[in-house]
Q: 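Pasting a structure below so you can have a look.
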Amino acid sequence: MDEFKVTPWEVSGKVDYNKLIERFGTKKIDQALLERMRRLTKDLHPYLTRQVFFSHRDLDVVLKKYEDGEKFFLYTGRGPSGGMHMGHLVPLMFTKWLQEKFKVDLYIQITDDEKFLMRDLSLEETHRLAYDNIADIIALGFDPKRTHIFVNTEYAKTLYKIAIKVARNITTSTNKAVFGFTDSSNMGISFFPAMQMAPCFLPKELGKGDMQCLVPAAIDQDDYWRPARDVAAKMGCPKPAQIHSKFFPSLLGMDAKMSSSDPRSSIFLTDTPEEVKKKVMRYAFSGGRDTVEEQRKLGADLEKDISYQWMRFFEEDDRKLKRIGDDYSSGKMLTGEIKTILADRLNAFLKSHQKARGKAKGRTEKFMLRD
Ligand code: TRP
């Protein structure tokens with residue numbers, strides 16, 4: 001038995017990403033694929049060069065088609081179970097980059113149904129959270145002409161038709177084996193996977209032809225895409241492709257669980273500058289040494305240091321990041337200093353994000369898909 005678990009409902013243990021590639025049957029994003037991507041996008045997003053997005057299925061196929069003049073579309077999503085935190089932005093920011101580089105349509109699914117079925121939340125709460133989260137998503141600066149957001153319970157008229165076609169082709173036995181449903185799972189959640197697979201085939205339903213889908217998402221969502229690929233031919237579409245990210249670490253440590261119910265483990269997009277500073281100073285797990293003397297002599301362990309690890313996600317400038325890493329791991333920099341750098345970086349981001357979020361609230365309808 002492997003010592004770690006990665007499912008859409010639970011991530012636990014120390015994740016070995018190479019083993020996950022084997023377990024899920026995906027492919028590593030290798031140097032050749034990165035170079036191929038660079039030819040099309042001119043520069044590479046730091047999440048690619050830093051292997052935050054590390055695994056894929058059929059990304060090569062998507063790029064080949066694109067080189068031959070055939071467009072694809074992007075699909076990603078968000079489960080509105082609470083307010084959003086910094087980690088939730090990782091796949092979204094990368095998706096935005098892909099959209100800008102390839103100039104393609106993007107569909108964003110908000111699964112209020114999923115969170116109603118899986119969490120102790122009322123439909124009113126999941127609905128409110130859906131629109132709260134949508135404001136954060138829009139605030140990232142997506143292009144309203146190419147970005148289409150929908151909330152499952154509202155867009156059901158269109159989605160349901162696709163979902164039942166998907167569901168007809170997946171047996172209960174497969175569904176149980178993939179998602180681990182048991183006789184005591186509620187029957188709503190056992191149908192839900194068809195709702196999350198449905199957008200892989202949405203443009204076809206909308207009369208836009210059988211474009212290929214590319215899903216950027218954290219690798220815990222992979223369970224949905226394997227059966228989606230199996231039914232694609234029956235849906236009259238190419239198999240949806242994926243590009244998978246690693247998980248964003250908790251503030252409390254690389255192996256700690258990121259939990260929305262523990263406010264110490266994450267920085268929320270609505271946190272104040274004082275809260276951010278306090279959380280980083282108090283809780284960001286340090287890979288530095290116990291005393292200043294030891295730190296000066298031995299330097300920090302960057303692999304374990306959350307401030308450094310978070311900078312890998314939020315400092316785009318490679319040279320700056322390298323300088324910080326060099327100084328900190330050699331002992332020239334102390335933990336208090338890197339924490340200050342991180343808190344300032346996060347606060348600079350949040351200041352403009354919160355402003356953009358305020359403006360986004362009035363622009364929601366520009367993005368919504370309605371039926
Ligand atoms: N199930 C995802 C969550 O809980 C939300 C989601 C729906 C999603 N469709 C998606 C995520 C497509 C990534 C890609 O957050």
Q: When you check the gap from the basic side-chain N to the acidic O, do Glu100 and Lys96 get nearer than 4.0 Å?
A: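 Answer for the salt bridge query: yes.
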Q: Return the minimal non-hydrogen interatomic distance between Glu154 and Asp371, and the atom names on each side.
A: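 Of all heavy-atom pairs spanning Glu154 and Asp371, the closest is O-OD1, 3.5 Å.
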Q: List the steps, then state whether salt bridge (charged side-chain N to carboxylate O under 4.0 Å, His left out) holds for Arg319 with Asp326.
A: CA-CA 10 Å; Arg319 278 180 310 180; Asp326 288 348; over 6 Å; no
Q: Minimum heavy-atom separation for Asp16 and Asn18, please, with both atom names.
A: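 Smallest heavy-atom distance, with atoms named: OD1-N, 3.0 Å.
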Q: Checking Asp262 against Arg264 for the salt bridge (charged side-chain N to carboxylate O under 4.0 Å, His left out) test, could you report, in this order, the C-alpha distance in whole Å, the side-chain angles of both residues, the deciding distance, and whether it holds?
A: CA-CA 5 Å; Asp262 183 351; Arg264 296 175 312 159; 3.0 Å; yes
Q: Shortest non-hydrogen contact from Val6 to Phe24?
A: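 Residues Val6 and Phe24, closest heavy atoms: O-CZ, 3.7 Å.
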Q: Salt bridge check: are Asp222 and Arg57 linked by an N-O gap of less than 4.0 Å?
A: yes
Q: Quick one about Glu70 and Gln212 (side-chain donor to acceptor, distance below 3.5 Å, no hydrogens or angles considered), yes or no?
A: no
Q: Check the pair Phe53 / His244 against ring pair (Phe, Tyr, Trp, His ring centres under 6.0 Å), numbers first and verdict last.
A: CA-CA 5 Å; Phe53 278 81; His244 303 102; 8.8 Å; no
Q: Tell me the closest heavy-atom pair linking Ile138 and Ala360, and the distance in Å.
A: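 For Ile138 versus Ala360, the nearest heavy atoms are CG2-CB, 3.6 Å.
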Q: Nearest heavy-atom pair of Lys239 and Ala232: which atoms, and what distance?
A: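 The answer is CA-CB, 3.7 Å.
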Q: I'd like to know whether Val151 forms a side-chain contact (heavy atoms from CB on, under 4.5 Å) with Asp113, so could you lay out the CA-CA distance, the side-chain angles of the two residues, the decisive distance to 0.1 Å, and finally the verdict.
A: CA-CA 9 Å; Val151 177; Asp113 49 351; over 6 Å; no
Q: Tell me if the aromatic rings of Phe142 and Phe367 count as close, with their centers under 6.0 Å from one another.
A: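 Judged by ring-centre distance (under 6.0 Å), Phe142 and Phe367 do not meet the cut-off.
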Q: Give the C-alpha distance, both sets of side-chain angles, the deciding distance and a yes or no for side-chain contact (heavy atoms from CB on, under 4.5 Å) between Ile29 and Gln51.
A: CA-CA 8 Å; Ile29 299 178; Gln51 280 158 24; over 6 Å; no
Q: Give the C-alpha distance, both sets of side-chain angles, the deciding distance and a yes or no for salt bridge (charged side-chain N to carboxylate O under 4.0 Å, His left out) between Asp344 and Lys339.
A: CA-CA 8 Å; Asp344 289 348; Lys339 286 194 170 191; over 6 Å; no
Q: With a 4.0 Å cut-off on N to O distance, would you call Asp112 and Lys115 a salt bridge?
A: no
Q: Other than Leu121, what residues sit in its cluster of Ile, Leu, Val, Met, Phe, Trp and Tyr side chains whose heavy atoms are under 4.5 Å apart, directly or through others?
A: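 Once heavy-atom contacts under 4.5 Å are chained together, Leu121 belongs with Leu129.
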Q: In plain terms, say whether Glu3 and Lys14 are close enough for a salt bridge, that is, a side-chain N and a carboxylate O under 4.0 Å apart.
A: no
Q: Please check if the side chain of Gln242 supplies one atom and the backbone of Ala217 the other of a donor-acceptor pair under 3.5 Å.
A: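 No; judged by distance alone, with no hydrogens or angles, the pair does not exist.
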Q: Please determine if Lys64 and Asp68 form a salt bridge, counting it only when a charged side-chain N lies under 4.0 Å from a carboxylate O.
A: yes
Q: Decide, yes or no, whether a salt bridge links Arg38 with Glu35 under the criterion of side-chain N to carboxylate O below 4.0 Å.
A: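 Salt bridge present between Arg38 and Glu35.
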Q: So which atom in Pro203 and which in Met211 form the shortest heavy-atom distance, rounded to 0.1 Å?
A: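 Scanning both residues completely, I find the closest heavy atoms to be CB-CE, 4.0 Å.
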Q: Look at Lys165 together with Glu205 and state whether they make a salt bridge at an N to O cut-off of under 4.0 Å.
A: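 Yes, this pair counts.
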Q: How are the rings of Tyr75 and Trp225 set relative to one another: parallel (under 30°), tilted (30 to 60°) or perpendicular (over 60°)?
A: perpendicular
Q: Taking 4.0 angstrom as the limit, do Asp60 and Arg36 come out as a salt bridge?
A: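 No, Asp60 and Arg36 are not salt-bridged.
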Q: Parallel, tilted or perpendicular: which fits the ring planes of Phe73 and Tyr107, with parallel below 30° and perpendicular above 60°?
A: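 Perpendicular.
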Q: Answer yes if the side chains of Thr7 and Glu10 hold a donor-acceptor pair under 3.5 Å, and no otherwise.
A: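 Not at all, the side chains of Thr7 and Glu10 share no donor-acceptor pair under 3.5 Å.
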Q: Supply the atom-to-atom distance Lys27 NZ to Asp58 CG, rounded to the nearest 0.5 angstrom.
A: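 Result: 7.0 Å between the selected atoms.
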Q: Classify the ring geometry of Tyr17 against Phe54: parallel below 30°, tilted from 30° to 60°, perpendicular beyond 60°.
A: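 Ring orientation, 0 to 90° scale: perpendicular.
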Q: If the threshold is 4.0 Å, N to carboxylate O, is there a salt bridge linking Lys246 and Asp220?
A: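 Result for this pair is no, no salt bridge flagged.
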Q: Give me the ring orientation class for Phe72 and Tyr66: parallel if the planes are under 30° apart, tilted from 30 to 60°, perpendicular past 60°.
A: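 Perpendicular, since the angle between the ring planes exceeds 60°.
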Q: For the residue pair Trp97 and Phe94, does the interplanar ring angle fall in the parallel (under 30°), tilted (30 to 60°) or perpendicular (over 60°) class?
A: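 Aromatic pair Trp97/Phe94 classed parallel.
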Q: Got a salt bridge between Lys322 and Asp318, using NZ or NE/NH1/NH2 to carboxylate O under 4.0 Å?
A: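 Judged by the 4.0 Å cut-off on N to carboxylate O distance, Lys322 and Asp318 do not form a salt bridge.
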Q: Could you check whether the rings of Phe313 and Phe248 sit parallel, tilted or perpendicular, using 30° and 60° as the cut-offs?
A: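 Correct class here is perpendicular.
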Q: What class does the angle between the rings of Phe179 and Phe181 fall in, given that below 30° is parallel, 30 to 60° is tilted and above 60° is perpendicular?
A: parallel
Q: Report the C-alpha distance between Lys103 and Lys71 in whole Å, list the side-chain angles of each, state the deciding distance to 0.1 Å, and finish with yes or no for side-chain contact (heavy atoms from CB on, under 4.5 Å).
A: CA-CA 9 Å; Lys103 303 196 171 39; Lys71 286 243 156 156; 4.1 Å; yes
Q: Begin with the C-alpha distance, continue with both residues' side-chain angles, and end with the deciding distance and a verdict on side-chain contact (heavy atoms from CB on, under 4.5 Å) for Lys279 and Asp271.
A: CA-CA 10 Å; Lys279 282 189 194 177; Asp271 282 351; 2.8 Å; yes
Q: Between Lys101 and Asp43, does at least one N-O distance fall below 4.0 Å, as a salt bridge requires?
A: yes
Q: Stepwise, does the side chain to side chain donor-acceptor pair (under 3.5 Å) test hold for Ser122 with Glu125?
A: CA-CA 5 Å; Ser122 68; Glu125 283 167 306; 3.2 Å; yes
Q: Between Lys204 and Asp210, is the closest basic N to carboxylate O distance under 4.0 Å?
A: no
